[in-house]
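Proteins come first, then strands; the chains are lettered A, B, ... in the order of their sequence lines, and each starts at number 1.
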Amino acid sequence: MPEGHSVHRIARQFGADFLGKEVEVSSPQGRFSAGAELISGLELIRSQAVGKQLFLHFGLDKIMRVHLGIYGAWDFAGELTALGTSRESSIGAPRLARAVHIGEEEKDRGESQVAEAQADFPPDPVGQVRARLLTATAVADLRGPTACEVLNPDEVAGVLNKLGPDPANDNSPAAKEEIVARVQRRRVAIARLLMDQQVFAGVGNIYRAELLYRARLNPFIAGAELRTETIEALWDDWAKQLELGIRTGKMMTRDDLTDEEFTEALTDETNRHWVYGRVNQPCRTCGTPIAMEVLSARKLYWCPHCQSR
DNA sequence: CATCGATGTTGAG
DNA sequence: TCAACCTCGATGG
């Protein structure tokens, strides 16, 4: 799935273009018909991302929870606020007629699709659309989610209770203390803890590998063995990478590039990472072949030389 | 055109 | 530990 940064981008897109409006909710595919009926016509009063969870609040006690799972995605079309894609870009540019896809990868749809969306708004749903959220000027189609349901505040609290801190929402000293405690209390490899949403909410398989490499940390050291400063540094770097991901819409974890190389790598995913997806390719720092091992059914990539301790 | 694999989670066994 | 969930781009024939 899109890791935490994408979900925050999605929450911001809703915040910019759907907040304060009455939203017509439907389920073209049919599998969310009952839920859609509960919230259709209500005003969106809050758009919130926590880790990989999205909460759209329709009034105080009807909250739509969406989790994209491994291949879910939102397609936005209509008059949309451009969220920005460059390192320095600010979020909240003027609204333009656009079509945007936010899933594993985020991309603007081509000109033809934008023109089509303008000429014929709202567009007919294409394929399996679990949920459609429609205002007078914008539409959002959800496909392939792992979760899409309407909850009450108690149920939302139950979900939030199972999530660790998310630095995009709270990067306070208290949050840092919390992450240190959650890591140090576990005799489990840090590579697993990074993927545990009860510890690092929002981290996924790419950020996991990249954060470990950036820290030059051995993925197999148990949380309980890590020094406080090491965990704090990991948290600080996660906060930094997440913020960059939210700003650019891309997981660009390298910091050894010039501005031009950086911009170019944004459009070329083979160059965005230190170790992720690079099994047997030479480490960008020492040339040692990148190692890969399946851990809890997910592929972990690391450099056995740079990350030996 | 068929098959594979993916930035995830849940629940059965 | 593994299948299931259910989508789609990349890959191979």
Side-chain angles (χ1 to χ4, degrees), chain A residues 1-10 27-32 49-54 65-75 99-110 113 125-132 140-149 151 155 158-164 166 168 188-189 191-214 238 241-242 244-246 248-254 265-279 292-302:
Chain A
M1 122 172 222
E3 303 191 16
H5 70 298
S6 304
V7 184
H8 281 279
R9 298 266 294 185
I10 290 160
S27 178
Q29 173 203 55
R31 290 186 52 189
F32 181 59
V50 183
K52 299 170 191 169
Q53 312 267 346
L54 175 72
R65 177 181 82 98
V66 174
H67 193 297
L68 293 177
I70 200 163
Y71 37 54
W74 284 97
D75 285 306
V100 185
H101 171 93
I102 309 182
E104 291 179 16
E105 269 295 321
E106 176 172 334
K107 53 210 170 216
D108 270 294
R109 295 300 200 184
Q113 287 187 49
V126 175
Q128 298 287 306
V129 175
R130 181 77 58 88
R132 162 165 281 203
D141 284 343
L142 170 67
R143 43 188 18 109
T146 251
C148 174
E149 58 185 356
L151 302 180
E155 293 169 319
V159 174
L160 295 179
N161 273 338
K162 291 186 201 149
L163 296 175
D166 177 340
V188 171
R192 287 185 195 271
L193 296 179
L194 278 164
M195 290 290 279
D196 184 342
Q197 300 301 297
Q198 297 196 41
V199 183
F200 289 89
V203 173
N205 205 25
I206 296 182
Y207 277 132
R208 164 191 48 189
E210 296 295 298
L211 290 170
L212 287 168
Y213 182 82
R214 290 169 57 85
W238 164 226
Q241 295 308 304
L242 178 59
L244 184 64
I246 293 170
T248 61
K250 299 274 162 69
M251 274 184 277
M252 179 51 191
T253 49
R254 291 177 66 186
L266 283 181
T267 59
D268 174 13
E269 61 184 311
T270 62
N271 275 328
R272 278 182 216 158
H273 311 307
W274 288 103
V275 294
Y276 178 79
R278 300 191 65 244
V279 61
M292 189 277 283
E293 187 174 306
V294 176
L295 205 63
S296 313
R298 309 305 300 280
K299 288 179 175 177
L300 168 69
Y301 301 86
W302 79 103

Visitor: State whether the side chain of Glu210(A) and the backbone N or O of Val275(A) hold a donor-acceptor pair below 3.5 Å, judged by distance alone.
Guide: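 Yes; judged by distance alone, with no hydrogens or angles, the pair exists.
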
Visitor: When you compare dT7(B) with dT1(C), how far apart are their C1' atoms, in angstrom units rounded to a whole number?
Guide: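 It comes out at 22 Å once rounded to the nearest Å.
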
Visitor: Respond yes when some side-chain nitrogen or oxygen of Lys299(A) is under 4.0 Å from OP1 or OP2 of dA6(B), and no when none is.
Guide: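 Checking dA6(B) against Lys299(A), a side-chain N or O does come within under 4.0 Å of OP1 or OP2.
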
Visitor: Looking for any heavy atom pair under 4.0 Å, which part of the strands does Arg130(A) touch: base, sugar-phosphate only, or nothing?
Guide: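 Contact class for Arg130(A): sugar-phosphate only.
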
Visitor: Expressed as a whole number of angstroms, how long is the span from Ile70(A):CD1 to dG9(C):P?
Guide: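 Roughly 15 Å, once rounded to whole Å.
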
Visitor: In whole angstrom, give me the gap between the C1' atoms of dT9(B) and dG9(C).
Guide: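 To the nearest whole Å, 22 Å.
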
Visitor: Apply side-chain contact (heavy atoms from CB on, under 4.5 Å) to Met195(A) and list each qualifying residue two or more places apart in sequence or on a separate chain.
Guide: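 Asn205(A), Arg208(A), Arg298(A).
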
Visitor: Could you summarise the pairing of DNA chain B as dot-bracket text, marking Watson-Crick and G-U pairs under 3.5 Å with ( ) or [ ] inside the strand and | across strands?
Guide: ||||||.|||||.

Visitor: Considering only dA6(B), dT7(B), dT7(C), which nucleotide approaches the side chain of Gln128(A) most closely?
Guide: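 Nearest to the side chain of Gln128(A) among the choices is dT7(C).
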
Visitor: Looking only at non-hydrogen atoms, find the nearest pair between Tyr207(A) and Leu242(A) and report the distance.
Guide: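 Heavy atoms only, the tightest pair is OH-CA, 4.5 Å.
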
Visitor: Can you tell me if Glu3(A) uses its side chain to pair, donor with acceptor, with the backbone of Ile206(A) under 3.5 Å?
Guide: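 Side chain of Glu3(A) to backbone of Ile206(A), a donor-acceptor pair under 3.5 Å: yes, one is there.
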
Visitor: Under 4.0 Å from OP1 or OP2 of dT7(B): is there any side-chain N or O of Arg272(A) that close?
Guide: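 No, outside the criterion.
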
Visitor: Using the salt bridge (Lys or Arg N to Asp or Glu O under 4.0 Å) rule, collect all pairs that involve residues 194-207 of chain A, keeping only residues at least two apart or in two chains.
Guide: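 Qualifying pairs: Arg186(A)-Asp196(A).
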
Visitor: Tell me the interatomic distance from Arg278(A), atom CZ, to dT7(B), atom C1', rounded to whole angstroms.
Guide: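 Taking atom C1' of dT7(B) as the reference, CZ of Arg278(A) is at 18 Å.
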
Visitor: Across the strands shown, which category fits Tyr276(A) at heavy-atom distances under 4.0 angstrom: base, sugar-phosphate, nothing?
Guide: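 Here Tyr276(A) touches the backbone only, sparing every base.
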
Visitor: With side-chain contact (heavy atoms from CB on, under 4.5 Å) as the test, pick out the partner of Pro125(A) among Arg130(A), Gln29(A), Arg132(A).
Guide: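 For Pro125(A), the side-chain contact (heavy atoms from CB on, under 4.5 Å) test succeeds with only one of Arg130(A), Gln29(A), Arg132(A), which is Arg132(A).
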
Visitor: Which nucleotide sits closest to the side chain of Gln29(A): dG8(B), dA6(B), dT7(C)?
Guide: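 From the listed options, dT7(C) comes nearest.
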
Visitor: Rounded to the Å, how far apart are Met251(A) CE and dA6(B) C1'?
Guide: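 Answer to the nearest Å: 11 Å.
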
